[in-house]
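Within every chain, numbering begins at 1; the chains are lettered A, B, ... in the order of the sequence lines, protein sequences first and strands thereafter.
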Amino acid sequence: MKKYTDTGKNDTRSGFGAGLTELGRTNPNVVALCADLVGSLKMQDFIDENPERFFQVGIAEANMMGIAAGLTIGGKIPFTGTFANFSTGRVYDQIRQSIAYSGKNVKICASHAGLTLGEDGATHQILEDIGLMKMLPGMTVINPCDYNQTKAATIAIAEYDGPVYLRFGRPKVANFTPADQKFEIGKAILLNEGKDVTIIATGHLVWEALQAAEQLEEKGISAEVINIHTIKPLDEAAILASVGKTGCVVTAEEHNILGGLGESVARTLTHNHPAPQEFVATMDTFGESGTPEQLMEKYGLNAAAIVKASEKVIKRK
Amino acid sequence: MSDTQQLQDFVTQVRRDIVRQVHKVNSGHPGGSLGCAEFLSVLYQEVMHRKEGFDMDGIDEDLFFLSNGHISPVFYSVLARSGYFPVEELNTFRLIDSRLQGHPTTHEGLPGVRIASGSLGQGLSVALGAANAKKLNGDSHLVYSLHGDGELQEGQNWEAIMYAAAKKIDNLISTVDRNYQQIDGCTDDVLPMGNLVEKFKAFGWEVLEIEKGNDIDQIREGLNKAKSLTGKGKPVAIMLNTEMGHGVDFMMGSHKWHGVAPNDEQLEKALAQNPETLGDY
Ligand SMILES: Cc1ncc(C[n+]2csc(CCOP(=O)(O)OP(=O)(O)O)c2C)c(N)n1
Ligand SMILES: [Mg+2]
């Protein structure tokens with residue numbers, strides 16, 4: 001199996017911060033907004049270098065989304081920053097009407113997604129945001145897997161004209177993709193070729209999927225691992241090609257089983273090539289306080305859970 | 001309990017509970033919690049009319065809603081020490097499988113909590129609904145709520161503030177923790193809100209100010225005054241001028257301690273400044 005090395009754990013939100021800082025230097029149209037969470041979103045460097053291109057709106061996310069929409073009228077490329085919960089559910093209709101329906105070039109950048117923000121607990125742990133965002137016509141939904149990829153994605157979405165939801169997180173996770181990668185929106189990345197099962201993962205669960213593939217190899221199971229960083233538009237061709245070969249699939253995401261990547265994959269398969277699928281996701285539940293590791297374990301979102309799901313789905317072929 | 005020294009002892013113990021909870025899990029919000037220790041202690045120990053035990057509907061008793069849910073450490077300590085759940089349970093703050101979630105929740109059934117909070121700006125609306133229900137039930141007890149000052153930047157508050165006066169919700173006393181701090185800095189640097197007293201007044205509220213929001217006597221006096229203003233056709237607001245981090249010298253007056261836990265050495269310092277009174281859990 002192909003070897004991937006963790007070059008040092010890092011948080012994906014810092015990848016966003018680094019990408020934004022670079023955009024500040026290279027693209028004069030990029031502006032940033034934040035709702036009293038500058039430190040959490042790692043936006044300080046951008047602010048220091050471009051104070052006039054930063055808008056602190058206070059704790060007022062709905063207003064922030066409206067202002068961002070307005071800034072696009074006049075050619076600015078606004079990047080909004082707050083937690084995933086307050087980037088989506090909190091402001092859904094503002095996004096729906098003023099950004100998605102109006103076709104505005106706003107980049108909704110959301111940190112602290114999912115359970116692994118940890119101790120703050122369920123009020124902050126949104127597990128429904130991918131679903132909310134992917135249901136909006138015209139919205140692009142991206143959930144990169146590590147620091148390097150989040151930085152690359154941040155830079156790439158500035159080049160793309162249209163609303164984007166960029167999802168990342170708080171915990172330090174393995175950093176294993178190339179620092180110099182070019183991020184292609186909507187293009188799945190085949191990380192490991194295999195023949196018995198396809199594991200399709202998004203976000204930091206991609207690393208867990210690679211760990212799972214190693215463990216499966218020891219058991220004599222050959223797993224293909226695909227990094228789906230873009231949930232919408234979904235790279236259906238890559239998924240169908242892989243499942244056509246392996247005949248079954250496990251999807252893995254830090255999100256509710258309802259409305260997430262898994263359902264998008266299931267729909268693709270049902271339309272084109274029905275195949276057994278197992279879902280590694282949260283099972284229609286809210287989260288709770290705890291350390292990221294404890295929560296991944298309790299809610300079944302780690303490599304062990306992917307291994308189990310893979311063994312199960314192979315038996316269903 | 002009405003003696004000020006006794007209440008001061010209660011507050012000091014609450015301060016210990018706050019820093020110990022946050023230190024243990026190296027996360028949580030000590031600053032706002034410390035600043036509201038006196039207020040919540042006076043409210044629960046002296047002012048609110050509370051029944052024995054806890055039931056969700058809270059008929060024939062006063063209700064309290066914490067809108068700025070991040071100050072859960074002070075809320076949990078005051079609830080536990082007011083008899084809602086065992087004080088030892090403070091040991092489980094923010095741990096997995098705990099009822100003491102990072103932000104208060106009804107999901108795990110913690111007695112004393114009637115609504116989840118943590119996502120800011122929603123508590124006043126809930127308090128209004130509960131106040132409406134009390135009126136429908138012919139229940140003359142009051143509804144209290146607490147809000148951060150930064151939290152008032154959320155627009156929903158102003159919808160609720162408008163509604164409260166328009167609908168003459170006069171069985172409600174809403175307090176603003178006016179510490180002039182929020183996460184990114186001083187409220188006046190992040191997004192100045194101007195004169196909040198005048199804003200509430202302009203929206204049709206009865207407003208009173210507690211100049212020293214960490215002074216037990218002033219809080220007692222202010223809350224009793226506020227109570228006397230209820231039932232007269234207007235909602236009542238209290239502008240409570242507190243100090244973030246009050247009672248722990250190195251945490252005082254700075255937004256830096258909004259959501260950061262003390263290390264071992266800092267914990268010892270904080271505890272030394274607040275000697276044990278009612279007994280640690
Ligand atoms: C809707 C929402 N947006 C953002 C946050 C993140 N947040 C938590 S506390 C806080 C600052 C609150 O300031 P204030 O109400 O003044 O409380 P204090 O810092 O004084 O305790 C922010 C922005 C949140 N919890 N909810
Ligand atoms: Mg404040």
A side-chain contact here means heavy atoms from C-beta on lying under 4.5 Å apart; do B/D184 and A/M43 qualify? no
Heavy-atom pairs under 4.5 Å with chain A: which of B/Q182, B/H107, B/M193 has the most? B/Q182
Does the distance from a Lys or Arg side-chain N to an Asp or Glu carboxylate O, for A/E288 and B/R99, drop under 4.0 Å? no
Are the side chain of B/H103 and the backbone N or O of A/D120 linked by a donor-acceptor pair below 3.5 Å? yes
When rounded to the nearest 0.5 angstrom, what is the spacing between CZ in A/F86 and CG in B/L120? 6.5 Å
Would you say that more than 12 heavy atoms from the other residues, nucleotides or ligands in this model lie under 6.0 Å from the OH of A/Y101, or not? no
Name the option with the most non-hydrogen atom pairs under 4.5 Å to chain A; the candidates are B/A116, B/S98, B/G150, B/G69. B/G150
Do B/S119 and A/R90 touch side chain to side chain, with heavy atoms closer than 4.5 Å? yes
Side chain from CB out, backbone as N, CA, C, O: work out which of these in B/H70 comes under 4.5 Å of a heavy atom of chain A, or both, or neither. neither
Nearest-0.5 Å distance that lies between atom CG in A/D36 and atom CD in B/E151: 11.5 Å
When rounded to the nearest 0.5 Å, the distance separating CD of B/Q122 from OG1 of A/T123 is 9.5 Å
Side chain, backbone, both or neither: which part of A/F286 has a heavy atom under 4.5 Å from chain B? side chain
Side chain, backbone, both or neither: which part of B/T187 has an atom under 4.5 Å from a heavy atom of chain A? neither
Contact class of A/N63 relative to chain B, heavy atoms under 4.5 angstrom: neither
Report which part of B/I183 has an atom under 4.5 Å of a heavy atom belonging to chain A: side chain, backbone, both, or neither. both
Where does B/Q156 contact chain A at under 4.5 Å (heavy atoms): side chain, backbone, both or neither? side chain
Heavy-atom check, side chain of A/Q56 versus side chain of B/L191, under 4.5 Å: no
Surrounding NZ of A/K308 (heavy atoms of other residues, nucleotides or ligands, distance under 6.0 Å), is the total greater than 12? no
In terms of heavy-atom contacts, does CZ of A/R96 have more than 12 from other residues, nucleotides or ligands at under 6.0 Å? no
Heavy-atom pair with the smallest gap, counting every atom of B/I96 and A/K298: CD1-CD, 3.9 Å
Is B/D189 in contact with chain A via its backbone, its side chain, both, or neither, using a 4.5 Å heavy-atom distance? neither
With a cut-off of 6.0 Å (strictly less than), are more than 12 heavy atoms of other residues, nucleotides or ligands near CD of A/Q97? no
What distance separates A/S289 OG from B/L100 CG, expressed to the nearest 0.5 Å? 9.0 Å
Between B/Q101 and A/G121, the two heavy atoms sitting closest are OE1-CA, 4.1 Å
